[in-house]
2 protein chains.
Amino acid sequence: MPEEKTKVLLAEDDKNLGTILRTYLNAKGYETSLYVNGDEAFKAYRKEPFDFCIIDIMMPVKDGFTLAGEIRADNEDVPILFLTAKSMQEDKLKGFDLGADDYITKPFNMDELLARMKAILRRAKAGKEDSEKQVFNIGSYTFDHNRQLLIHNSNEQKLTSRESELLYLLCKNANQVLDRREALKEIWYDDSYFNARSMDVYIAKLRKYLKSDPSVELINVHGIGFKLVTGK
Amino acid sequence: MPEEKTKVLLAEDDKNLGTILRTYLNAKGYETSLYVNGDEAFKAYRKEPFDFCIIDIMMPVKDGFTLAGEIRADNEDVPILFLTAKSMQEDKLKGFDLGADDYITKPFNMDELLARMKAILRRAKAGKEDSEKQVFNIGSYTFDHNRQLLIHNSNEQKLTSRESELLYLLCKNANQVLDRREALKEIWYDDSYFNARSMDVYIAKLRKYLKSDPSVELINVHGIGFKLVTGK
DNA sequence: ATCGCGCGTTAAAAAATGTTAAAGCTGCTA
DNA sequence: TAGCAGCTTTAACATTTTTTAACGCGCGAT
């Protein structure tokens with residue numbers, strides 16, 4: 001399967017540097033479009049989406065900060081990397097609060113630029129996978145495993161780590177039996193007598209938290225484990 | 001493919017300590033050669049290249065500073081770590097500007113020595129191939145690891161080194177659990193009780209800095225570590 | 001039915017963490 | 001070199017989380 005090329009928007013007013021960069025990035029497998037000021041770049045951006053933006057801060061007509069702000073207003077996920085002059089004062093970078101992912105100071109090594117791009121893209125990708133389905137609906141409850149939060153009618157119950165991990169396993173096995181030993185090995189790394197009793201204590205706690213919705217039940221399967229029955 | 005072992009040059013005149021160190025490092029997978037003075041060490045160095053140098057400063061015939069200088073003159077990249085006596089004044093080391101990567105004071109813990117070696121080697125490696133991302137977006141905050149700055153609504157909070165390093169590790173593991181011990185070994189080189197408590201103090205500080213955005217949370221995972229949960 | 005074992009539940013004990021402040025260090029400056 | 005300022009560690013105490021203990025009940029096999 002032919003992999004989709006990453007489209008790079010490059011906004012750089014120095015034609016010399018810009019051309020070199022574009023050539024370099026194209027050689028590295030990126031589909032790079034060069035624009036010599038923020039205005040042109042934004043016009044192009046509106047016509048077609050890009051996967052990555054490299055923006056020089058100091059440009060005529062429309063500077064890099066403004067351009068980045070406009071792009072961010074439209075899309076808060078697309079990675080943005082700034083090119084800054086070495087002379088730029090720290091306080092100027094202060095305004096650099098609009099969700100740029102990184103910056104690099106001129107003059108820079110093109111390999112380093114590439115390395116940073118890759119790091120950002122890798123991270124963005126990982127971020128998407130991470131934030132997958134960690135949120136479950138349990139009857140009228142909502143459980144956010146990542147935040148360790150159990151929400152019911154706009155009131156939030158913070159869960160402890162153990163509570164959250166146990167509820168997470170139960171949710172993954174909703175309406176199925178969660179085996180005691182499995183859970184113990186997963187959370188306590190060892191199914192000893194005391195850990196088993198500890199788990200029972202947590203089951204009791206979860207029942208308390210979940211008692212507001214009678215259609216949700218946490219029932220025991222004698223000698224086997226527990227089952228989270230969600231009402232619907 | 002068999003991985004190439006890291007070759008370590010160890011210059012230490014105390015034969016007792018030197019032998020123990022060599023044995024320890026060899027057990028940890030480093031190919032270690034021991035020399036009892038700077039002269040012998042440099043002769044060996046000219047014959048074959050090393051990947052890492054551990055040099056005692058006070059040695060007969062040719063002292064550690066001289067040896068390090070000679071090695072640096074030949075190769076400005078090879079990592080050098082000094083062993084110093086406790087009595088040695090800080091300012092003597094400071095004046096020595098021959099590109100040592102670190103030093104450790106006798107008597108030292110061998111695990112700590114190893115941890116520092118690993119840190120230095122990791123940095124050297126990272127610098128070459130994959131310079132890491134250093135600007136992170138944490139909810140409505142922007143964290144610049146390089147400048148040790150935490151920016152929110154165009155107001156800057158300067159961070160101390162420890163704060164910045166810890167936040168950096170947390171960001172690299174955003175929405176994942178950062179293991180306590182990992183962080184301690186990375187930043188404090190040693191996970192002792194007091195270092196762990198120190199880390200807790202820094203966690204509290206970071207929480208204060210980050211409290212302006214309620215969608216950002218720094219939650220504890222009991223007995224394991226911490227997790228930086230970013231809004232979005 | 002009844003006996004043993006697994007489970008429900010609550011509370012106390014133990015361990016880990018939260019938080020604040022003071023003590024220790026280091027580098028800088030007058 | 002004394003003193004100050006910033007940073008880190010240590011100390012002390014508060015709070016939270018987890019584990020252990022204790023007691024009682026009910027399921028299920030005999």
Side-chain angles (χ1 to χ4, degrees), chain A residues 147-150 156-168 170 177-184 186-211 217-228, chain B residues 84 86 88-95 97 103 105 112 148-150 156-168 170 177-181 183-184 186-211 217-228:
Chain A
R147 286 179 173 278
Q148 301 188 177
L149 224 51
L150 185 61
E156 299 184 342
Q157 172 64 52
K158 279 193 183 176
L159 300 183
T160 73
S161 314
R162 288 272 190 274
E163 289 165 0
S164 187
E165 286 174 70
L166 183 53
L167 187 52
Y168 176 61
L170 286 163
V177 180
L178 169 65
D179 188 89
R180 253 196 125 84
R181 289 156 206 272
E182 296 297 324
L184 283 169
E186 187 92 17
I187 300 177
W188 278 267
Y189 304 115
D190 173 25
D191 76 326
S192 66
Y193 168 79
F194 283 119
N195 286 339
R197 301 307 285 122
S198 199
M199 175 169 162
D200 290 331
V201 172
Y202 281 99
I203 291 288
K205 287 186 175 182
L206 290 180
R207 283 193 180 120
K208 274 189 187 168
Y209 291 144
L210 294 170
K211 70 172 179 243
E217 275 182 295
L218 190 35
I219 66 183
N220 169 261
V221 182
H222 199 89
I224 308 292
F226 294 91
K227 182 160 71 167
L228 179 64
Chain B
T84 79
K86 191 162 60 177
M88 170 153 279
Q89 296 303 317
E90 181 101 7
D91 53 282
K92 281 202 176 179
L93 267 171
K94 193 179 166 187
D97 186 23
Y103 68 89
T105 308
E112 186 180 341
Q148 300 190 180
L149 278 183
L150 185 61
E156 299 183 346
Q157 173 64 53
K158 218 163 187 290
L159 300 183
T160 71
S161 314
R162 287 271 191 274
E163 289 165 358
S164 188
E165 286 173 69
L166 183 53
L167 186 52
Y168 175 60
L170 286 163
V177 180
L178 169 64
D179 188 90
R180 254 196 126 85
R181 289 155 207 263
L184 283 169
E186 188 96 13
I187 299 178
W188 279 267
Y189 301 120
D190 174 24
D191 76 326
S192 66
Y193 168 80
F194 282 118
N195 285 339
R197 300 308 282 119
S198 197
M199 174 168 163
D200 289 331
V201 172
Y202 280 98
I203 291 287
K205 288 185 176 185
L206 291 180
R207 285 198 179 116
K208 274 189 187 168
Y209 292 145
L210 293 170
K211 69 171 180 246
E217 274 182 294
L218 191 35
I219 67 185
N220 170 259
V221 181
H222 198 94
I224 307 291
F226 294 90
K227 181 161 73 165
L228 179 64

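In this text, all values refer to a predicted model and were calculated from it rather than measured experimentally. Chain naming here is simple, since letters A, B, ... match the order of the sequence lines and numbering starts at 1 in each.
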By nearest-heavy-atom nucleotide on DNA chain D, the more 5' of A:R162 and B:W188 is B:W188
Of B:L159 and B:N195, the one whose closest nucleotide on DNA chain D sits nearer the 5' end is B:L159
Could you work out, with side-chain hydrogen bond (donor to acceptor under 3.5 Å, both in side chains) as the rule, every residue matching [X], not counting sequence neighbours?
X	answer
B:Y209	B:E163
A:K227	none
B:S192	B:N195

Distance in angstrom units between [X] [atom1] and [N] [atom2], rounded:
X	N	atom1	atom2	value
B:Y209	C:dT19	OH	P	14 Å
A:F194	C:dA13	CZ	C1'	13 Å
B:K205	C:dA21	NZ	P	13 Å

Any residue meeting salt bridge (Lys or Arg N to Asp or Glu O under 4.0 Å) with [X], in chain and number order, not counting sequence neighbours:
X	answer
A:D200	A:R180, A:R197
B:R162	none
B:E112	B:R116
A:E165	none

- NA contact type, A:T160, heavy-atom cut-off 4.0 Å: base, sugar-phosphate, or nothing? sugar-phosphate
For this session: Would you mind classifying the nucleic acid contact of B:K208 as base, sugar-phosphate or nothing, using non-hydrogen atoms under 4.0 angstrom?
Result: sugar-phosphate
Dump the pairs, protein N or O against N or O of nucleotides 4-8 of chain C, anything under 3.5 Å, distances to one decimal.
unit_1, atom_1, unit_2, atom_2, d
C:dC7, OP1, A:R180, NH1, 3.4
C:dC7, OP1, A:G223, N, 3.1
C:dC7, OP2, A:R180, NH1, 2.9
C:dG8, OP1, A:R207, NH1, 3.1
C:dG8, OP1, A:R207, NH2, 2.8
C:dG8, N7, A:R197, NH2, 3.4
C:dG8, O6, A:R197, NH2, 2.5

Contacted region of DNA chain D by chain B, from 5' end to 3' end of the hits, cut-off under 4.0 Å to heavy atoms, spans D:dC7 to D:dT18
Check: So A:I203 and A:N220, side chain to side chain contact (heavy atoms under 4.5 Å, CB included) or not? Walk me through it.
Finding: CA-CA 9 Å; A:I203 291 288; A:N220 169 261; over 6 Å; no
